[in-house]
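First the structure, in the form of structure tokens, and then the observations on it.
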There are 2 protein chains.
Amino acid sequence: MPKGPVTSPRLQDVAEAAGVSIATASRSLSGATGVSAPVAERVRETARTMGYVVNLHARSLAGGSTRSVGLLVHEIGDPYFSEIASGVLGVGAREGLTVQICHTGRDPERELAQLRMLIANRVGAIIIAGSGMVDPALQAPAKVELQAFRRSGGRVAVIGRHHLGVDAVLPDNTEGARSVAQHLLDLGHRRIAVAAGSRQLTTVADRLSGVEEAFAAAGLDVGDVPVVEADFTRAGGKVAADEVLSAHPGVTAVLALNDDMAIGVLSALRARGVSVPGQVSVTGFDDVAVAGDLAPSLTTVRLPMSEMGEQALLLALKDPGARPRRRQVGAELVVRGSSGRPPS
Amino acid sequence: MPKGPVTSPRLQDVAEAAGVSIATASRSLSGATGVSAPVAERVRETARTMGYVVNLHARSLAGGSTRSVGLLVHEIGDPYFSEIASGVLGVGAREGLTVQICHTGRDPERELAQLRMLIANRVGAIIIAGSGMVDPALQAPAKVELQAFRRSGGRVAVIGRHHLGVDAVLPDNTEGARSVAQHLLDLGHRRIAVAAGSRQLTTVADRLSGVEEAFAAAGLDVGDVPVVEADFTRAGGKVAADEVLSAHPGVTAVLALNDDMAIGVLSALRARGVSVPGQVSVTGFDDVAVAGDLAPSLTTVRLPMSEMGEQALLLALKDPGARPRRRQVGAELVVRGSSGRPPS
DNA sequence: GTGAAAGCGCTAACAA
DNA sequence: TTGTTAGCGCTTTCAC
């Protein structure tokens, strides 16, 4: 952008003003050892009065190191990702790192383009948040890029299951889904519909398998359980709810595979005059901040998103291990007002 | 971070492999003119097969220009800011810019530190989102820093704050607040409490003045209207609601100055068994994505957050004008289920 | 159309 | 403790 006469003071200028060499000035300002205290202080003072700000591009070019990380999310406006981002920004600030955030829009091509951009920016670490794809082929180009990045010294961590062969923070999607399904079964529900996102998403696949596990253990025929696939969003939840109501009118509970869909389901049920949980129970997954403030408040599975973001960055910052590390994080059932006994 | 032997191919390597000079290679890859088509294509092909990725630090050092922008938000986990960020990331991606996001936590000191970091990163533009402080002294250091940044060619735009003397996207807080207050008056409410954030925030001050304007026009004594000051958050909304119920039991409507507080108010009222809008009406401000999905759905004032983010970046990207530009954005009343006539 | 060479602002040997 | 100097990887005159 700036193309004109950009004129910020350089280290050179500070050094001259302070009457020292550029090397001494550099050492003073970067807090390195080997400078006498009074000299260092004088340099810092001159820099301050001149409004000098180090040029990090020059620093990282010369020093070879970077103090920045990249974060790839599907959509920052989505609470799931914004809470993860919050965690990442938090430790980033603590560690003095700058964080570059990019949208992928769940599109492998855009993901790849943004990945390249981050690599071009020579970030020290890349965090990828959000579900992977069940089909490894879709992520193959990204994998190639990432491995080259790691070979050249970059660190990578992902949140959620991926076929990327890197450090990962893994929420226990299967167990979480099993527990919320079990919760509905315990309440006495037998006619349960699942509102799911695309089965191409590993998150959906994992959660679905947890649900099926619980159903199977309860002696239900998994084949009989309607699984409605729609967008993994609020709008998708509405679509799914409408389909459930029209195609499976006897259903007494809708188990949505994320909170966003659950909110859409609640909204669609309200619009149709179906009482929750009186006629139909609804559950979600993730426990986004607003889940507890909905009416009825949403029964869901809590994932510590912010903490997952923190963990991912911390993992990436660690010395690289010989093989990929995994940080399992718990998924805890949170029972609130949207689930109850089925109508008798 | 990476300190070890980082070895990505350099432009030099590509040039050698393609059998051209480094200058020609540079021109070919940056899409500059003055290279024959076949040569350019050959260079690009070699670069591709070698996995070459330009080093943007080197590029901006040499070229003096940057393709990155900084975005300062109070807290990315807050939907208000995450929706703004979404807009910024959107045009950023379209324009091929990287976006660095920082938290300020509404703390002038952290804001200043993050600002310095962005400047050190030599971003081309800085976007600051979120309310400013009524007291200009609190922002004085930031203002100094920003002006130096602009003098050295940087662009700046703010969202929803004044006093900084830069391009600004300004939601019409006063008019929006006036219209929602008028809405409550039209419904017949006379005993209205306001749930406000700190009056130190310009956003709060502006919205408050709109509310008072409406009240005064209706012949109400503004001094009689209880204004409860609390955190400008969900938790603050709960606190405010509790205080309203205990100190001003006759109130028939709570006008919250943002949706976050309104959600807290709704939650507190529900906990106390107060029906909305039967006994008490509640209104918000911002229209965050979830506002329409609450129960009752929230009457509020819509701000086009995502669009505000887009506008701000577009403004910053424009050629700098002689004097600060302002993009006024409308604040539109959205009547939903949380407001109704006062109990008779 | 292509190449040689001079920096961009800084860090990090190496000398003194 | 301080200074000198050689790059980091790239863009961009200026010659050819």
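Proteins get letters first, then strands, A, B, ... in listed order; numbering begins at 1 in each. Hydrogens, waters and symmetry mates play no part in the numbers below; they use all other heavy atoms, side chains included. On a predicted model such as this, the values are computed, not experimentally measured, just so you know.
Considering only the side chain of S21(A), dT4(D) comes nearest among dT4(D), dG3(C), dT1(D). Nearest nucleotide to the side chain of R59(A), out of dG1(C), dC10(C), dC10(D): dC10(C). Comparing dC10(D), dC10(C), dG1(C) by their nearest atom to the side chain of I22(A) picks out dC10(C). Distances were taken from every side-chain heavy atom of A58(B) (C-beta onward) to each of dC10(C), dC10(D), dT2(C); the shortest belongs to dC10(D). Set against dG9(D), dG3(D), dT2(C), the side chain of T24(A) has dG3(D) as its closest nucleotide. Closest to the A62(B) side chain, of the nucleotides dG3(C), dT2(D), dC10(D), is dC10(D).
Taking side-chain N and O atoms only, S36(A) has a distance below 4.0 Å to OP1 or OP2 of dT2(D).
Between the CD atom of E41(B) and the P atom of dG1(C) there is a distance of 17 Å, rounded to whole Å. Between the CG atom of N55(A) and the P atom of dT11(C) there is a distance of 9 Å, rounded to whole Å. Atoms CG (L11(A)) and P (dT11(C)) sit 6 Å apart, rounded to a whole Å. Between R27(B) atom CZ and dT12(D) atom C1' the separation is 8 Å, expressed in whole Å. Taking atom CZ of R10(B) as the reference point, atom P of dG7(D) lies 12 Å away to the nearest angstrom. Going from atom CD of E16(A) over to atom C1' of dG9(C) covers 13 Å, rounded to whole Å. In this structure, L61(B) atom CG and dC10(D) atom P are separated by 12 Å, rounded to whole Å. Rounded to an integer number of Å, the gap from CZ of R42(A) to C1' of dT2(D) is 12 Å.
If you check every strand for non-hydrogen atoms under 4.0 Å, S26(B) touches a base.
Judged by distance alone, the side chain of N121(B) and the main-chain N or O of V123(B) form no donor-acceptor pair under 3.5 Å. In this structure, S28(A) contributes its side chain and T24(A) its backbone to a donor-acceptor pair below 3.5 Å. For D167(A) (side chain) and P324(A) (main-chain N/O), no donor-acceptor pair under 3.5 Å exists by modelled atom type.
Side chain R122(A) to base dG9(D): no donor-acceptor pair is found below 3.5 Å.
Contact of the E111(B) side chain with the R106(B) side chain is not registered, since no non-hydrogen atoms from C-beta on lie closer than 4.5 Å. Two residues are said to be in side-chain contact when any heavy atoms from C-beta on lie closer than 4.5 Å; T104(A) and V73(A) fail this criterion.
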